A.B. asks: 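Take a look at this one; I'll ask things after.
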Amino acid sequence: MKKLIVIVGPTASGKSRLALRLAKRCKGEIISCDAMQVYRGVPILTNQPLPEDQKKIPHHLIGFLPLHKEFSAAEFSQRAKSVIQDIARRRKVPILVGGSGFYLKALLGGKHAPVKADPTIRKKYSRLVKEKGNAYLYERLRAIDPRRAKKIHPNDTYRLIRALEIYEVTGRKPSEFAEGGGGFSALFRIQKIGLRHPRKVLYQRIDRRVEKMIRNDVVAEVKRLLRKRLSFTAKRIIGLQELFSYLKGESSLEEAITHIQRLTRQYAKRQETWFRKEKGIRWVRV
RNA sequence: GCCGGGAUAGCUCAGGUAGUAGAGCGCCAGACUGAAAAUCUGGGCGUGGGGAGUGCAAGUCUCUCUCCCGGCA
């Protein structure tokens, strides 16, 4: 059976470096599993691997998508599957590297409702929430699919809307699309490596990384995007809004930096929560 | 030096008529069914600046000291 290496861990834990080392040693190719590194034009802001490293080792799913395009776990899963199989066919070792736990789950974890996000439907429900509150949406979901409703908190508008969207598009209960064993992950012998640091060290690394981003002139990178149309997904890149507000004179650079550092630390914490519960990871303390 | 205004959770601050304290943010923990770097949930005993006084009882009233911020000199 073919081997698939998966490297997980919070942001700034050193995943890319480890991946590069492994790839050199075992003729591997790297596939990024990162919701934001897919975008073109933001290599500094999203910490994409350096061009020189990408030249030495083939990297995939990095910096290929224009910022006005939406992206999703679904699309990631599709693309990653074909890239990984292609690598394996060429007798190289695919090395999946990333911090987007949900994307990893979409790829390895199994089935999901085959329903694309529909902006019109979502807009409709967003308006409903504003008018009648999320309790109304929750009751509506409970009426059609109590099983799914039970797993969603009434305040979690995001998931409520998604569940109702699935129902509206397919006419079937969202809970029918239950998780199943993924056919894809069965094709490989998966070896998961997790990177871990003491919390204090990780936070220091994050703070330093943000400072380095500034030194590498991330401000210039972001300035070019000021007047561009950005997709819903791309708008959520950490640091984008903060640097925009600096560029528009609404905050100082100092404030923006502190803010970005904090958001990144909070993100890293959530990533740790996600991966901590994941089974079969060999944890490496760096 | 004088006149005001402050000093309460890590930070910013709320706290009629005195009855041992809350909110936002942070922080910690958790969830996560194809927009996830998102979204959501749970967690607050803190020598109430120091000292003295009045009261059954003081963050809350009185006095005093220390420090901070305005204004006037």
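Below, chain A is the first sequence line, B the second, and so on; all start at residue 1. Since the structure is predicted, the reported quantities are computational estimates derived from the model, not experimental observations. No hydrogens, no waters, no symmetry mates; every other heavy atom, side chains included, goes into these values.
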A.B. asks: Taking only the side-chain nitrogens and oxygens of A:Ser100, find out if one of them lies under 4.0 Å from OP1 or OP2 of B:A37.
C.D. replies: yes

A.B. asks: State the pairing partner of B:G44; accept Watson-Crick or G-U wobble contacts with both distances under 3.5 Å, and report none otherwise.
C.D. replies: none

A.B. asks: Ignoring backbone atoms, test whether A:Tyr158 places a side-chain nitrogen or oxygen under 4.0 Å from the OP1 or OP2 oxygen of B:U39.
C.D. replies: no

A.B. asks: What interatomic distance, in whole Å, is found between P of B:C27 and the corresponding atom of B:A14?
C.D. replies: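 Straight-line distance between the two P atoms is 24 Å.
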
A.B. asks: From C-beta outward on A:Arg262, which listed nucleotide comes closest to its side chain: B:A37, B:C32, B:G26?
C.D. replies: B:G26

A.B. asks: Between B:G59 and B:U8, how many Å separate the two P atoms, rounded to a whole number?
C.D. replies: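 One P to the other, the span is 15 Å.
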
A.B. asks: Whole Å only: how far is the CD atom of A:Glu272 from the P atom of B:A31?
C.D. replies: 13 Å

A.B. asks: Does a side-chain N or O from A:Asn155 land closer than 4.0 Å to OP1 or OP2 of B:U39, or not?
C.D. replies: no

A.B. asks: Without decimals, in angstroms, what is the distance between A:Asp207 CG and B:G26 P?
C.D. replies: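 Nearest whole value for this atom pair: 15 Å.
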
A.B. asks: May I ask you to evaluate whether A:Thr157 reaches the phosphate of B:U39, defined as a side-chain N or O under 4.0 Å from OP1 or OP2?
C.D. replies: no

A.B. asks: When both hydrogen-bonding distances must be under 3.5 Å and the geometry is Watson-Crick or G-U wobble, what is B:A23 paired with, if anything?
C.D. replies: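 Result: B:U12.
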
A.B. asks: Considering only atom P, compute the distance from B:G10 to B:G44 and round it to an integer number of Å.
C.D. replies: 15 Å

A.B. asks: Report yes if at least one side-chain N or O of A:Gln266 is closer than 4.0 Å to OP1 or OP2 of B:C27; otherwise report no.
C.D. replies: yes

A.B. asks: When you get a sec, tell me which of B:A37, B:C27, B:A36 is the closest nucleotide to the side chain of A:Ile237?
C.D. replies: B:A37

A.B. asks: Write down the distance between CG (A:Leu67) and C1' (B:A37), rounded to a whole number of angstrom.
C.D. replies: 14 Å

A.B. asks: On the nucleotide B:A29, are OP1 or OP2 found under 4.0 Å from the side-chain N or O atoms that A:Lys269 carries?
C.D. replies: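 So the side-chain polar atoms of A:Lys269 do come within 4.0 Å of the phosphate oxygens OP1 or OP2 of B:A29, strictly under.
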
A.B. asks: Should the side chain of A:Asp156 and the base of B:A31 be counted as holding a donor-acceptor pair, with the cut-off at 3.5 Å?
C.D. replies: no

A.B. asks: Out of B:G30, B:C28, B:A37, which nucleotide sits closest to the side chain of A:Thr46?
C.D. replies: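 Output: B:A37.
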
A.B. asks: Have A:Ser252 and A:Glu254 got a donor and an acceptor in their side chains that come within less than 3.5 Å?
C.D. replies: no

A.B. asks: How long is the line joining CD of A:Gln241 and P of B:A38, in whole Å?
C.D. replies: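 In whole Å, B:A38 P lies 11 Å from A:Gln241 CD.
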
A.B. asks: Answer yes or no: does a side-chain N or O of A:Arg162 lie under 4.0 Å from OP1 or OP2 of B:U33?
C.D. replies: no

A.B. asks: A:Ile152 near the nucleic acid: base, sugar-phosphate alone, or nothing, with a heavy-atom cut-off under 4.0 Å?
C.D. replies: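 It contacts nothing in the nucleic acid.
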
A.B. asks: Distance between the C1' atoms of B:C65 and B:A23, in whole angstroms?
C.D. replies: 32 Å

A.B. asks: If you measure from the Lys or Arg side-chain nitrogens to the Asp or Glu carboxylate oxygens, is any gap between A:Arg162 and A:Glu165 under 4.0 Å?
C.D. replies: yes

A.B. asks: Angle between ring planes, A:Phe71 versus A:Phe64, binned at 30° and 60°: parallel, tilted or perpendicular?
C.D. replies: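 Geometry flag for A:Phe64 against A:Phe71: perpendicular rings.
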
A.B. asks: Can you check the A:Trp274 CH2 to B:A38 C1' distance for me, whole Å?
C.D. replies: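 Atom CH2 in A:Trp274 sits about 11 Å away from atom C1' in B:A38.
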
A.B. asks: Between A:Leu263 and A:Phe275, which residue's closest nucleotide on RNA chain B lies nearer the 5′ terminus?
C.D. replies: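 Here A:Phe275 is the residue nearer the 5' end.
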
A.B. asks: Look at the side-chain N and O atoms of A:Arg199 and state whether any lies under 4.0 Å from the OP1 or OP2 oxygen of B:C28.
C.D. replies: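 Answer is yes, contact under 4.0 Å.
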
A.B. asks: I want to check one thing: is the phosphate of B:A38, taken as OP1 and OP2, less than 4.0 Å away from some side-chain N or O of A:Arg159?
C.D. replies: no

A.B. asks: Please check if any side-chain donor atom of A:Tyr267 sits under 3.5 Å from a side-chain acceptor atom of A:Gln271, or the reverse.
C.D. replies: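 Yes, side-chain donor-acceptor contact under 3.5 Å.
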
A.B. asks: Identify whether the glycosidic angle of B:G44 places it syn (within 90° of 0) or anti.
C.D. replies: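 Anti conformation for B:G44.
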
A.B. asks: Considering heavy-atom distances to RNA chain B, does A:Gln271 or A:Ile166 have its closest nucleotide positioned more toward the 5' end?
C.D. replies: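 Looking at the nearest nucleotide for each, A:Ile166 comes out on the 5' side.
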
A.B. asks: In whole angstroms, how far is the P atom of B:C11 from the CD atom of A:Glu255?
C.D. replies: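 It is 18 Å, rounded to the nearest whole Å.
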
A.B. asks: Considering only NZ, NE, NH1 and NH2 on the basic side and carboxylate oxygens on the acidic side, decide whether A:Glu75 and A:Arg79 come within less than 4.0 Å.
C.D. replies: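 Salt bridge present between A:Glu75 and A:Arg79.
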
A.B. asks: Is it the case that more than 12 heavy atoms not belonging to A:Lys124 sit under 6.0 Å from its NZ atom?
C.D. replies: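 Yes, because the 6.0 Å sphere around NZ of A:Lys124 holds more than 12 heavy atoms from other groups.
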
A.B. asks: Determine the Euclidean distance between corresponding C1' atoms of B:G22 and B:C56; express it in Å to zero decimal places.
C.D. replies: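 Here B:C56 and B:G22 have their C1' atoms 27 Å from each other.
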
A.B. asks: Which part of the nucleic acid, if any, lies within contact of A:Tyr203, taking any heavy atom under 4.0 Å across all strands shown: a base, the sugar-phosphate backbone alone, or nothing?
C.D. replies: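 The answer is sugar-phosphate, as A:Tyr203 gets under 4.0 Å only of primed atoms, P, OP1 or OP2.
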
A.B. asks: Under 3.5 Å, is there a donor-acceptor pair linking the side chains of A:Gln37 and A:Thr46?
C.D. replies: no

A.B. asks: In whole angstrom, give me the gap between the P atoms of B:C11 and B:U47.
C.D. replies: 11 Å

A.B. asks: Can a side chain N or O of A:Arg270 be found less than 4.0 Å away from OP1 or OP2 on B:A36?
C.D. replies: no

A.B. asks: Taking the same atom, C1', in B:U33 and in B:A29, what whole-Å distance lies between them?
C.D. replies: 23 Å

A.B. asks: Now, which nucleotide makes the Watson-Crick or G-U wobble pair with B:U54, with each of the two distances under 3.5 Å?
C.D. replies: none

A.B. asks: Under a 3.5 Å limit for both distances, which nucleotide forms a Watson-Crick or G-U wobble pair with B:C72, could you say?
C.D. replies: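 Pair assignment: B:C72 / B:G1.
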
A.B. asks: Considering only the C1' atoms, how many Å lie between B:U66 and B:G49, rounded to the nearest integer?
C.D. replies: 8 Å

A.B. asks: Taking any strand in view, what nucleotide pairs with B:A38 in a Watson-Crick or G-U wobble way, both distances under 3.5 Å?
C.D. replies: none

A.B. asks: Tell me the partner of B:U66, counting only Watson-Crick (N1-N3 plus N6-O4 or O6-N4) or G-U wobble (N1-O2 and O6-N3) with both under 3.5 Å; none if nothing fits.
C.D. replies: B:A7

A.B. asks: On the nucleotide B:A36, are OP1 or OP2 found under 4.0 Å from the side-chain N or O atoms that A:Tyr103 carries?
C.D. replies: yes

A.B. asks: Can you measure A:His259 atom NE2 to B:C25 atom C1' for me and round it to whole angstrom units?
C.D. replies: 10 Å

A.B. asks: Tell me: CG of A:Leu160 to C1' of B:U33, nearest whole Å?
C.D. replies: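 Spelled out: CG on A:Leu160 to C1' on B:U33 is 13 Å.
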
A.B. asks: Look at the side chain of A:His153 and decide which nucleotide, out of B:U33, B:C40, B:A36, has an atom nearest to it.
C.D. replies: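 Nucleotide nearest to A:His153's side chain: B:C40.
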
A.B. asks: Just N and O in the side chain of A:Lys277: are any of them under 4.0 Å from OP1 or OP2 of B:C32?
C.D. replies: yes

A.B. asks: With the threshold set at 4.0 Å, does a side-chain nitrogen-carboxylate oxygen contact exist between A:Glu211 and A:Arg208?
C.D. replies: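 Salt bridge: no.
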
A.B. asks: Between A:Leu107 and A:Cys33, is there a side-chain heavy-atom distance shorter than 4.5 Å?
C.D. replies: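 With C-beta onward as the side chain, the pair stays apart.
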
